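Basis for what follows: all heavy atoms, side chains included, without hydrogens, waters or symmetry-related copies. The shown structure was predicted, so the numbers you read here are calculated from the model rather than taken from an experiment.
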Amino acid sequence: YGSGFAQTYLTIDAAYANARNLLLTNKGERVMHPEFGCDLRKATFEFNDALLVTNIDTKIRTQFEFWLPYIFINELTITPSEDENSVFVKLTISLQGNQLDTRSITLQLNTN
């Protein structure tokens, strides 16, 4: 009551919250877990090209495999904007063993 955190009742909702937390955390932010996080904010200072898309994809998949192995990535789409000032990341996840119940996370990374 009054904690400021939304309570989850379904496992997929908890997985969604954990996935979003992993995506939005930079390495070094988490006490006792300095390698936790996808470092996506660092991507905002990189040149927006095909290599950036590959690097973001690799970071996300590697971190999910290590920290959230119970989450299955159904779809990961990384799309640079037409003006090359931002990158859109869309991630659709489900639980291992139950790929029918999914949640989507969409992020916009500004690269300038």
> For the NZ atom of Lys27 and the NZ atom of Lys59, what is their distance to the nearest 0.5 Å?
8.0 Å

> To the nearest 0.5 Å, what is the distance between CG (Leu40) and CD1 (Ile60)?
5.0 Å

> Hey, mind stepping through Asn18 and Tyr70 against side chain to side chain donor-acceptor pair (under 3.5 Å) and telling me if it holds?
CA-CA 11 Å; Asn18 292 341; Tyr70 59 93; 2.8 Å; yes

> Holding to side chain to side chain contact (heavy atoms under 4.5 Å, CB included), I want the full list of residues that pass it with Leu100, two or more places apart in sequence or in another chain.
Asn98

> For a quick test of reading the model, state the closest non-hydrogen atom pair linking Leu68 to Ala19 and the distance between them.
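Heavy atoms only, the tightest pair is CD1-CA, 3.7 Å.
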
> Could you measure the distance from the CG atom of Leu52 to the CG atom of Asp57? Nearest 0.5 Å is fine.
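It comes to 11.0 Å.
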
> Any donor-acceptor pair under 3.5 Å linking the side-chain atoms of Ser81 with those of Asn85?
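Checked: Asn85/Ser81 side chains show no N/O donor-acceptor pair below 3.5 Å.
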
> Check salt bridge (Lys or Arg N to Asp or Glu O under 4.0 Å) between Glu29 and all other residues, then give those that pass, not counting sequence neighbours.
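For Glu29, the residues satisfying salt bridge (Lys or Arg N to Asp or Glu O under 4.0 Å) (neighbours in sequence not counted) are Arg41.
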
> Can you tell me how far the OG1 atom of Thr25 sits from the CG atom of Asp39, to the nearest 0.5 Å?
10.0 Å

> Using side-chain heavy atoms (C-beta onward) and a distance below 4.5 Å, is Leu22 in contact with Phe64?
yes

> Phe72, Ile105: one ILVMFWY side-chain cluster at the under-4.5 Å cut-off?
no

> Residues two or more places apart in sequence or in another chain: which of them pass ring-ring contact (aromatic ring centres under 6.0 Å, His included) with Phe36?
Trp67

> Calculate, to the nearest 0.5 Å, the distance between atoms CG and OG1 belonging to Leu95 and Thr102 respectively.
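OG1 of Thr102 is found 10.5 Å from CG of Leu95.
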
> Are more than 12 heavy atoms from other residues, nucleotides or ligands located less than 6.0 Å from atom CD of Gln108?
yes

> Of all the heavy-atom pairs spanning Ser94 and Ile12, show the shortest one and how long it is.
CA-CD1, 3.8 Å

> CD/Glu65 to CD1/Ile71 distance, rounded to the nearest 0.5 angstrom?
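So the CD of Glu65 and the CD1 of Ile71 are separated by 13.0 Å.
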
> Measure the shortest side-chain to side-chain distance between Ile73 and Thr92 over non-hydrogen atoms and say whether it is less than 4.5 angstrom.
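No, too far: nothing below the 4.5 Å cut-off.
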
> Is it true that Arg103 and Asp13 have a side-chain N and a carboxylate O under 4.0 angstrom from each other?
yes

> Mind checking whether Arg30 and Asn21 have side chains closer than 4.5 Å, heavy atoms only?
yes

> With side-chain contact (heavy atoms from CB on, under 4.5 Å) as the test, pick out the partner of Ile78 among Leu107, Ile56, Leu91, Asn55.
Ile56

> Test of understanding: clusters of I, L, V, M, F, W, Y form through side-chain heavy atoms closer than 4.5 Å, transitively. Do Phe88 and Leu23 belong to the same one?
no

> Begin with the C-alpha distance, continue with both residues' side-chain angles, and end with the deciding distance and a verdict on side chain to side chain donor-acceptor pair (under 3.5 Å) for Thr77 and Glu75.
CA-CA 6 Å; Thr77 307; Glu75 180 183 357; 3.1 Å; yes

